[in-house]
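Only heavy atoms go into these numbers, but all of them, side chains included; no hydrogens, no water, no symmetry mates.
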Amino acid sequence: MQPVESTLADLIRINSVNAFYDGGPGECALAAFIETFFRNHNIPTVRQRAIKASPTCAERFNVIAKLDGRDPSKRLILEAHMDTVSVQGMTIPPFEPTINDRKMYGRGSCDTKGGLAAMMHALASLREERIVPPCDVWLAAVVDEEFSFRGVSALCAEHDADAAIVAEPTNLRVAIASKGVLRWRIISHGKAAHSSKTHLGKNAIYHMARIVQAIEKQNARLSLHSDPLLGPATVNVGRIYGGVQVNFVPDQCTVEIDRRMLPHESVEQVLSEYETILQKLRREHPEFEVEMEAPMLVDLPWQVSADTPLVKTAFDVLDSLALPSPPIGVPFGSDASKFGKKNIPTIIFGPGSIDQAHAEVEYVSLDELELAYRFYRECATRYSTPSENAIER
């Protein structure tokens, strides 16, 4: 087993399910492993508190490994999240890494411990070979990507960078754009009554049914407009709940909505579209009582120019590795948008497919894992102004 494969297996064995899911333990054990790894490779690390301790959760902290470069005024951040989603529904042992047909199986293998292991070995190999990159290179292993992005938010609040590479499964393609995520609730109000006398009540679920149908029609309209990299915007009604018991006329019903946004869209514009839908229904059905809550999650769309030095460096590295170089966009949210919000040029790149992330059978290709390690290492040695090169000492 290659060193990067062995490290990935070690990472998978450590349960780092986000504390939000099923009472998961969080990232502390994995963070300690990463600190030990870098200590053994003579690379200093620091802890950055991202989430304060609470009665139900230990303090959660980012781990930042720092490799000095030739120009300390510049910084490239390699970033990967340590947490995973729940293991509920998995049909393989989640924390027992197994290899079959050059694939390693286990929770987090694809999302995103594979990318994390590759980044760890990229830094370690440069230290072992006494290669000094053109600028400082940090590896930031962060918490809470799978719930509310508090790890990367803390990182960006306290530290700056000239460029960043975020590890997510892209099948070794360079992603330069991602859709935004906007989530909110719509609540319909009715009037409770006994189910034997429905005429005395107002059924909030019936009202919500009309709203859901209108949202479905809106989704069809969204498909008419497509971004060259990202495709169309989408909307999904992901949860619906209401009523008290079967023999009550329900007095309330709630839906939770997930809207994927394109770079040209704003939060205000999107919410206005759905408020217009509700206004139309209110006019058609005067008995309607419905409200939209403020968003419970906002993750803005993100895009970086293909002309930035980081993207050009990434394309050069892809060519040297004989990998496809046309850039792509991805539909999922990630930590990249938080760097983008700070105007830090960022790309998303990593081994594995997003189709395996969060899946009942999660795995990553070991061939892609090795190429990702080489990609991160080469980017660290090449990212610079045109006149600078990596040196040995």
Would you compute the distance between atom [atom1] of [X] and atom [atom2] of [Y] and round it to the nearest 0.5 angstrom?
X      : Y      : atom1 : atom2 : value
Gln245 : Ser195 : CD    : OG    : 8.5 Å
Thr91  : Tyr105 : OG1   : OH    : 10.5 Å
Asp111 : Gln356 : CG    : CD    : 11.0 Å
Cys110 : Asp355 : SG    : CG    : 8.5 Å
Leu123 : Leu67  : CG    : CG    : 5.0 Å
Thr198 : Phe248 : OG1   : CZ    : 14.5 Å

So, the side chain of [X] versus the backbone of [Y]: is there a donor-acceptor pair under 3.5 Å, distance only?
X      : Y      : answer
Thr313 : Pro309 : yes
Asn40  : Asn42  : no
Ser6   : Pro3   : no
Asp101 : Lys103 : no
Glu27  : Asp144 : yes
Arg282 : Val290 : yes
Asp68  : Asp136 : no
Ser178 : Pro331 : no
Thr84  : Gly108 : no
Glu129 : Leu126 : no

Determine, step by step, whether Phe95 and Val87 satisfy the side-chain contact (heavy atoms from CB on, under 4.5 Å) criterion, reporting the C-alpha distance in whole Å, the side-chain angles of both residues, the deciding distance to 0.1 Å, and the verdict. CA-CA 9 Å; Phe95 309 120; Val87 300; 3.6 Å; yes

Please determine, by modelled atom types, if [X] and [Y] share a side-chain donor-acceptor pair under 3.5 angstrom.
X      : Y      : value
Asp71  : Ser73  : yes
Ser125 : Arg377 : yes
Tyr21  : Glu146 : no
Lys179 : Thr234 : no

Matching residue for Val142 among Asp83, Asp335, Val63 - test: side-chain contact (heavy atoms from CB on, under 4.5 Å): Asp335

Please test Glu291 against Arg185 for salt bridge (charged side-chain N to carboxylate O under 4.0 Å, His left out), starting from the C-alpha separation and ending with a verdict. CA-CA 9 Å; Glu291 60 179 313; Arg185 296 183 182 93; over 6 Å; no

side-chain contact (heavy atoms from CB on, under 4.5 Å) between Arg259 and Leu222, intermediate numbers included: CA-CA 11 Å; Arg259 173 67 152 76; Leu222 291 175; 3.5 Å; yes

Assess whether atom [atom1] of [X] is packed by more than 12 heavy atoms of other residues, nucleotides or ligands within 6.0 Å.
X      : atom1 : result
Glu284 : CD    : yes
Glu273 : CD    : yes
Tyr206 : OH    : no
Lys342 : NZ    : yes

Say whether Met261 and Ile328 are linked into one hydrophobic cluster, either directly or through other cluster members, by side-chain heavy-atom distances under 4.5 angstrom.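 Different clusters: Met261 never reaches Ile328 through Ile, Leu, Val, Met, Phe, Trp or Tyr contacts under 4.5 Å.
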
Distance-only donor-acceptor hits, side chain of residues 164-176, under 3.5 Å, sequence neighbours excluded:
from   : atom 1 : to     : atom 2 : distance (Å)
Glu168 : OE2    : His81  : NE2    : 3.4
Thr170 : OG1    : Arg173 : N      : 3.4
Thr170 : OG1    : Arg173 : O      : 2.7
Thr170 : OG1    : Gly350 : N      : 3.1
Thr170 : OG1    : Gly350 : O      : 3.3
Asn171 : ND2    : Gly352 : O      : 3.4
Asn171 : ND2    : Glu368 : OE2    : 3.4
Arg173 : NH2    : Pro326 : O      : 2.9

Does the side chain of [Y] come within less than 4.5 Å of [X]'s, by heavy atoms?
X      : Y      : answer
Arg49  : Glu59  : yes
Thr308 : Ile347 : no
Thr45  : Trp138 : no
Lys202 : Glu289 : yes
Met120 : Leu139 : yes
Cys253 : His189 : no
Leu369 : Val4   : yes

Where [X] and [Y] come nearest, the two heavy atoms and their spacing:
X      : Y      : answer
Pro250 : Asn203 : CG-OD1, 3.2 Å
Ala204 : Ser188 : O-OG, 2.8 Å
Ser226 : Pro232 : OG-N, 3.7 Å
Ser223 : Ala220 : OG-O, 2.5 Å
Leu76  : Ala380 : CD2-CA, 4.0 Å

In this structure, is the centre-to-centre distance between the rings of Phe38 and His41 below 6.0 Å? no

Ring-ring centroid check Phe37 His121, cutoff 6.0 Å: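 They qualify: ring centres under 6.0 Å apart.
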
Kindly indicate, with the supporting measurements, whether the criterion side-chain contact (heavy atoms from CB on, under 4.5 Å) is fulfilled by Val235 and Asp258. CA-CA 6 Å; Val235 63; Asp258 179 300; over 6 Å; no

Salt bridge check: are [X] and [Y] linked by an N-O gap of less than 4.0 Å?
X      : Y      : answer
Glu216 : Arg221 : no
Lys191 : Asp251 : no
Glu35  : Arg47  : yes

Table please: side-chain donor-acceptor pairs of residues 156-163 below 3.5 Å, with sequence neighbours left out.
from   : atom 1 : to    : atom 2 : distance (Å)
Glu158 : OE1    : Gln48 : NE2    : 3.2
Asp162 : OD2    : Arg75 : N      : 2.7

Would you call the rings of Phe288 and His207 parallel, tilted or perpendicular, taking 30° and 60° as the class edges? tilted

Side chains of residues 292-303: which donor-acceptor partners sit under 3.5 Å, not counting sequence neighbours?
from   : atom 1 : to     : atom 2 : distance (Å)
Asp299 : OD1    : Ser337 : OG     : 2.4
Asp299 : OD1    : Lys338 : NZ     : 2.8
Asp299 : OD2    : Lys338 : NZ     : 3.3

From CA spacing to verdict: side chain to side chain donor-acceptor pair (under 3.5 Å), Glu256, Tyr241: CA-CA 9 Å; Glu256 295 183 2; Tyr241 45 94; 2.9 Å; yes

